[in-house]
Amino acid sequence: MIIKNFIVFEGIDGAGTTTQIKKLAEHFEQDKVFLTAEPTGKETGKFLRKMLKGDFSVNEKTAAYLFAADRCEHIFGSDGIIEKTEKGITVLSDRYFFSSLAYQSVSCGKEIPELLNSPFPLPELLFYFKIDPEISLARVASRGEQREIYEKIDWQKKTAELYENVMNEYRGSKGTGMKLIEVDAAKSIEEIADFIWNSVKNRK
């Protein structure tokens with residue numbers, strides 16, 4: 001199952017997904033687009049963001065369950081993604097379950113993340129931002145902000161490798177209805193923004 005008018009941006013930290021989602025939203029009427037992200041702004045997401053900042057730690061298997069719970073509310077909850085898209089609103093999400101298949105699999109293996117995320121529907125469009133982890137983490141460092149627990153070079157390299165595996169699996173899955181588009185995230189902001197907008201406006 002796919003959700004029409006649901007567009008997801010994925011990539012390792014510093015790949016530029018947040019910047020590009022904002023750029024894409026500028027092409028829509030304000031009441032016809034909704035920007036969101038995972039973890040969400042709901043209570044489940046706020047809890048996860050504290051964890052990501054290192055305020056406390058949980059077992060990685062527990063983290064996988066927490067991300068899935070936040071995602072379930074994001075999709076199916078009141079005023080969630082399904083409800084909004086059914087009203088004709090285009091939802092742009094910075095991250096979705098593909099992130100869990102990459103990030104959580106680094107430490108707890110593939111089995112639990114795949115099981116927990118298997119019930120979730122696919123987006124209509126998935127933009128995968130591909131970039132060298134060294135470049136992306138340099139961008140993160142330039143922000144001058146406190147780093148999150150996964151923003152370490154070894155972790156990002158493993159995550160980038162797992163992202164590739166995940167994307168290859170979906171590239172090989174015909175008939176899902178989802179269109180996967182790879183983005184060269186090392187290009188300039190404007191080049192990437194033009195490429196994404198052309199892909200979105202010309203979608204069938």
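Quick note: residue numbers are just sequence positions, from 1.
Using a 4.5 Å heavy-atom cutoff, the side chains of Glu134 and Gln156 are not in contact. Two residues are said to be in side-chain contact when any heavy atoms from C-beta on lie closer than 4.5 Å; Lys158 and Ser107 fail this criterion. Taking 4.5 Å as the limit, some side-chain heavy atom of Leu162 sits within range of a side-chain heavy atom of Val106. Looking only at side-chain heavy atoms (C-beta outward), Lys130 and Met167 stay at 4.5 Å or farther from each other. Side-chain contact check for Pro121 versus Phe76: some heavy-atom pair is nearer than 4.5 Å. For the pair Gln104 and Lys61, the minimum side-chain heavy-atom distance is 4.5 Å or more.
Remark: aromatic rings of Phe129 and Phe9 are close, center separation under 6.0 Å. You'll find the ring centres of Phe67 and Phe97 outside the 6.0 Å limit.
A salt bridge is absent between Glu124 and Lys179: the closest approach of a Lys/Arg side-chain nitrogen to an acidic carboxylate oxygen does not fall below 4.0 angstrom. Note on Glu169 versus Lys110: salt bridge recorded, some NZ/NE/NH1/NH2 to OD/OE distance being below 4.0 Å. With respect to the salt-bridge test (charged N to carboxylate O, under 4.0 angstrom), the residues Asp70 and Arg49 do not qualify.
The number of heavy-atom neighbours closer than 6.0 Å to CD1 of Ile153, taken from other residues, nucleotides and ligands shown, is above 12. Environment of CD in Glu161: sparse, with no more than 12 heavy atoms of neighbouring residues, nucleotides or ligands closer than 6.0 Å. More than 12 non-hydrogen atoms from other residues, nucleotides or ligands lie less than 6.0 angstrom from CD of Glu83. Tyr65 OH: 12 or fewer foreign heavy atoms inside a 6.0 Å radius. Atom NZ of Lys42 has more than 12 neighbouring heavy atoms from other residues, nucleotides or ligands inside a 6.0 Å radius. Taking a 6.0 Å sphere around NZ of Lys84, one finds it holds more than 12 heavy atoms contributed by other residues, nucleotides or ligands.
For the atom pair CG of Leu35 and OG1 of Thr90, the computed distance is 11.0 Å after rounding to the nearest 0.5 Å.
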Stepwise side chain to side chain donor-acceptor pair (under 3.5 Å) check, Asp94 with Thr17
CA-CA 6 Å; Asp94 191 353; Thr17 56; 2.8 Å; yes

When you look at Leu126 and Ile181, which way does the side chain to side chain contact (heavy atoms under 4.5 Å, CB included) test go after all the steps?
CA-CA 6 Å; Leu126 168 59; Ile181 301 171; over 6 Å; no

Stepwise, does the side chain to side chain contact (heavy atoms under 4.5 Å, CB included) test hold for Ile189 with Gln20?
CA-CA 7 Å; Ile189 290 174; Gln20 291 300 331; 3.6 Å; yes

For Tyr128 and Tyr170, run side chain to side chain contact (heavy atoms under 4.5 Å, CB included): C-alpha distance rounded to whole Å, both residues' side-chain angles, the deciding distance at 0.1 Å, then the answer.
CA-CA 11 Å; Tyr128 167 50; Tyr170 279 95; over 6 Å; no

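The aromatic rings of Phe56 and Phe47 are tilted relative to each other, their planes meeting at an angle between 30° and 60°.
Connection of Trp197 to Phe34 is not established within any shared hydrophobic cluster, with ILVMFWY side chains joined at heavy-atom distances below 4.5 Å, either directly or through further cluster members.
Side-chain polar atoms of Arg71 and Thr40 form no donor-acceptor pair below 3.5 angstrom. Between the side chains of Glu10 and Tyr163, at least one donor N or O sits under 3.5 Å from an acceptor N or O.
Side chain of Ser105 to backbone of Leu101: a donor-acceptor contact under 3.5 angstrom is found.
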